[in-house]
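Remarks on the structure that follows.
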Amino acid sequence: MFWMSSNPNRMSISQMASAKPPAAKSEAEYLDGLNPEQREAVLTTEGPLLVLAGAGTGKTRVLTTRLAHIIGTRLAWPSQTLTVTFTNKAAREMRERALSMLGEAGEGLRWLGTFHSISAQILRKHAELAGLKSTFTIIDTDDQIRLCKQIIQAENIDPKRWTPRYLASLIDGWKNRALVPNKVPPEEAHQFADGKGITCYQIYQARLKVLNACDFGDLLIHNIQIFQNNPDLLKEYHDKFRYILVDEYQDTNVAQYLWLRLLAQGSQNICCVGDDDQSIYGWRGAEVDNILRFEKDFPGAHVIRLEKNYRSTKHILAAASSVISHNKSRLGKTLYVGDDNAIDDIDASKVKVRGLWDGEAESRLIADDIESWVSKGGSHEDCAVLVRASWQMRAFEERFIMLGIPYRVIGGPRFFERAEIRDALAYLRLIRSPDDDLAFERVVNQPKRGIGNTSLAKLQSYAREDGRSLFVLTPMVLQTDEIKGGAKRGLTQFIDQINLWRDKLTNGMPHTELAETILEESGYTDMLQKDRSPQAQTRLDNLKELVRAMGEFDSLAGFLEHIELVMDASTGGAGEDQVQILTLHGAKGLEWPVVFLPGWEEEVFPSRRSLDESGMKGLEEERRLAYVGITRARQHAYISFVANRQIYGRWQSVLPSRFVDELPHEHVEAVSETGYSGIPGGDTGFTGTVEDLGERSNYKSPGWQRLKENAGKFDTRPPRDATNLSATSGGPSGFKVGTRIFHDKFGYGRVAHTEGNKLTVDFEKSGRKKVIATFVQPV
Ligand code: ATP
Ligand code: MG
């Protein structure tokens, strides 16, 4: 078998020690329980294979089992398999599932991740072939927009008419289609500033190179170009990746598709699984047609269909199928429910549809449902709240905090997008890569160091002319009289401090300690402590959370790489019993026993923007999103909508989503909230069938009127866990010698000595350490 002749350099140490890859659990064990089609998909290891099937039919299970089978039967080393999926969370789950089947044999399963994370790994290895250094920064949307703004300014384009955000989205769109500047069709250049689109794109790419940075789209584009320009290297990757497995194939864009096709040319052993009804990334350039092209691009491809749904109850599946049947453009397929999906009380599993007065009532009801689920023996992690837009999350977060319901937000860089987190990260990025001008610009005057826009503009124009980074150039400019007074002092201090911190890191200071030092010595923490606004404490807490998260990584570089890639970073530790809040887009591929789908209102869902921008196509994509949402539920799906929403600070009456009307009556229960304690005497007016819910005139019903009268009489129960809301450390001066404290990294200890903001603490586990007071809490 070829694994014997594989390059020993690619083996992990423990594999080499045992000379032969350890065998997995017995084959029968993991094949057991698969249906014949699933089994066929697992066992057809050689040649191209497409598995096209509806939600919950076991596509991901097939893919994971197939991976385990390939490794377990020693067709390939773990490192010779490439497995791609869409979200970090999905990748984590897949890895766990595969490893549970493989045990030790799975060691070295390195190439399992998202398109972004894998292409970033490849690019780090060959960065020089793309004109980058291996320390390159991956910039996010915020930085992209900042860069576009500078280009628009420099090109004298009217930023009101042609916004930086629009330019960034055009560039993203081109990258999704794998179009480098000289490949953009000339007519498309006219979409921006009367033909300047391509020039701006060119400048943007040139700037990224100078910054030693790339954006998300570049990760794949650079990979593709490197492979195309270096056939020998591509050949190495062909030899390396003997088996390629792709989940959620319906959502690949052109660039991802080309990347896969290049890599699969070698072995031709590519297995893609997908569901056209779940294609929800059209707005990001996903092409469902990739599914149809598969058989053309890989002649002789084997296609397998799976039809049995193992996930949901018949009501849930019927509800989802009914909604999606309103879409005209579909490949169409049958789905039936396995007998084993039924739960004891089948009626209880009807999809519940509830109309409520407003968002607060909605979040309250959902919180109560979760508590009731938990009181009956369920866990918090069984429950997920899936929203269309991230703004909807806040109401749930607040409610959960108030009631002490543990939760975490997954999806979207919400936590890492907060201003204070971005600032801290910018300091760290600048320490890692001095060429990172975007980071420089972000923090050079944050906290204030007397460096105004004029000084910064001067530096920027020098940097543009000279081609070197701001960090390299600033000390040179400071030798002249170009910048004087406070700005000069501020800049000198800034450069000196960054150099000093970088030295500390080089000399072995742990990265978590470095982060604490930076926040303290830069005056950042002080700035927040002096800030009297209620958000200041939250921001300090967020920074502590950041340091805590850093502790999970071995190095600063590892941590930053992770941050740049995590689109679904969580605010809580993994594996804890928490309710999950995430967007519908982020929920793809996942499942929970209890799923809440709030905000099913016209303009929220389907979202007004997608209808405005893409008309019928947009509506169908929204409907697929509804299908994805409902099919995440295993036992209970709760759909809700409200009558009033506060949008941009103003109350507006809203209508239930058209998708509510598309639900099948016999599988849905429209629930009256009579007796629901949160609203005194409350009654939504909804009793009976979903038909009534669809009747917009219901808003005038007595139930609604009563609700209206009672609006404002909301729950006044005190928070169950007051500590969740209280401030923590109370500031450095609050620590006395002998106080018992808790530090995120070192655990419990007692203060032995204080010196301003610094504390010497005798930790119970890790001995005596000097720490910064802001990062400890009295216990
Ligand atoms: P989606 O389209 O939502 O990504 P999927 O097709 O990938 O769904 P999976 O997540 O793989 O579906 O499987 C759905 C659920 O059904 C999982 O809990 C899985 O463990 C279970 N399942 C799949 N196949 C079988 C089977 N043969 N026997 C029992 N349970 C199964
Ligand atoms: Mg799946």
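Both ligands and their constituent atoms are indexed starting at 1 by order of listing.
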Exercise. Are any of the N or O atoms of Gly589 closer than 3.5 Å to those of ligand 1?
Worked result: no
Problem set entry | Pick from Tyr627, Phe86, Tyr310: the one approaching atom 28 (N) of ligand 1 most closely through a non-hydrogen atom | Tyr310
Exercise. Does any N/O atom on Val62 come nearer than 3.5 Å to any N/O atom on ligand 1?
Worked result: no
Exercise. Would you call Asp275 a ligand 1 contact, heavy-atom distance under 4.0 Å?
Worked result: no
Problem set entry | Donor-acceptor pair, side chain of Arg66 and main chain of Thr44, under 3.5 angstrom | yes
Seminar exercise, completed: Going by the 4.0 angstrom heavy-atom rule, the piece of Lys588 near ligand 1 is neither
Exercise. If you measure from each non-hydrogen atom of Arg632 to ligand 1, which part falls under 4.0 Å: side chain, backbone, both or neither?
Worked result: side chain
For this session: Report yes or no: does Arg177 contribute a side-chain atom to a donor-acceptor pair with the main-chain N or O of Val254 at less than 3.5 Å?
Result: no
For this session: Specify the closest pair of heavy atoms between Ala91 and Gly113, including all atoms of both residues, with the distance to one decimal.
Result: CB-CA, 4.0 Å
Exercise. Do Tyr310 and Asn35 get their side chains close enough for a donor-acceptor pair, meaning under 3.5 Å?
Worked result: yes
Exercise. Taking distance alone, with no angle check, do Lys59 and ligand 1 share an N/O pair under 3.5 Å?
Worked result: yes
Exercise. Which pair of non-hydrogen atoms, one from Ile221 and one from Ala178, has the smallest distance, and what is that distance?
Worked result: CD1-CA, 3.6 Å
Exercise. With a cut-off of 4.0 Å, which atoms of ligand 1 are near a heavy atom of Gly58?
Worked result: 5 (P), 6 (O), 9 (P), 11 (O), 12 (O), 13 (O), 23 (C)
For this session: Tell me yes or no: between the side chains of Glu248 and Gln250, is some donor less than 3.5 Å from an acceptor?
Result: yes
Problem set entry | Ser322 side chain to Ala319 backbone, donor-acceptor under 3.5 Å | no
Problem set entry | Atoms of ligand 1 close to Gly33 [distance to a heavy atom under 4.0 angstrom, numbered from 1] | 26 (C), 27 (N), 28 (N)
Exercise. Can you say whether the rings of His315 and His667 are parallel (under 30°), tilted (30 to 60°) or perpendicular (over 60°)?
Worked result: tilted
Problem set entry | Gly54 neighbourhood, listing ligand 1 atoms whose heavy-atom distance to it stays under 4.0 Å | 6 (O)
Seminar exercise, completed: Looking at Arg311, Met94, Gln278, the heavy atom closest to atom 10 (O) of ligand 1 belongs to Arg311
Exercise. Looking only at distance, does Leu34 have an N or O less than 3.5 Å from an N or O of ligand 1?
Worked result: no
Exercise. Which ligand 1 atoms are under 4.0 Å away from a heavy-atom of Thr60?
Worked result: 4 (O), 5 (P), 7 (O), 11 (O)
Exercise. How are the rings of Tyr638 and Phe596 set relative to one another: parallel (under 30°), tilted (30 to 60°) or perpendicular (over 60°)?
Worked result: parallel
Problem set entry | Selected option - heavy-atom contact closest to atom 31 (C) of ligand 1, from Arg61, Arg634, Glu248 | Arg61
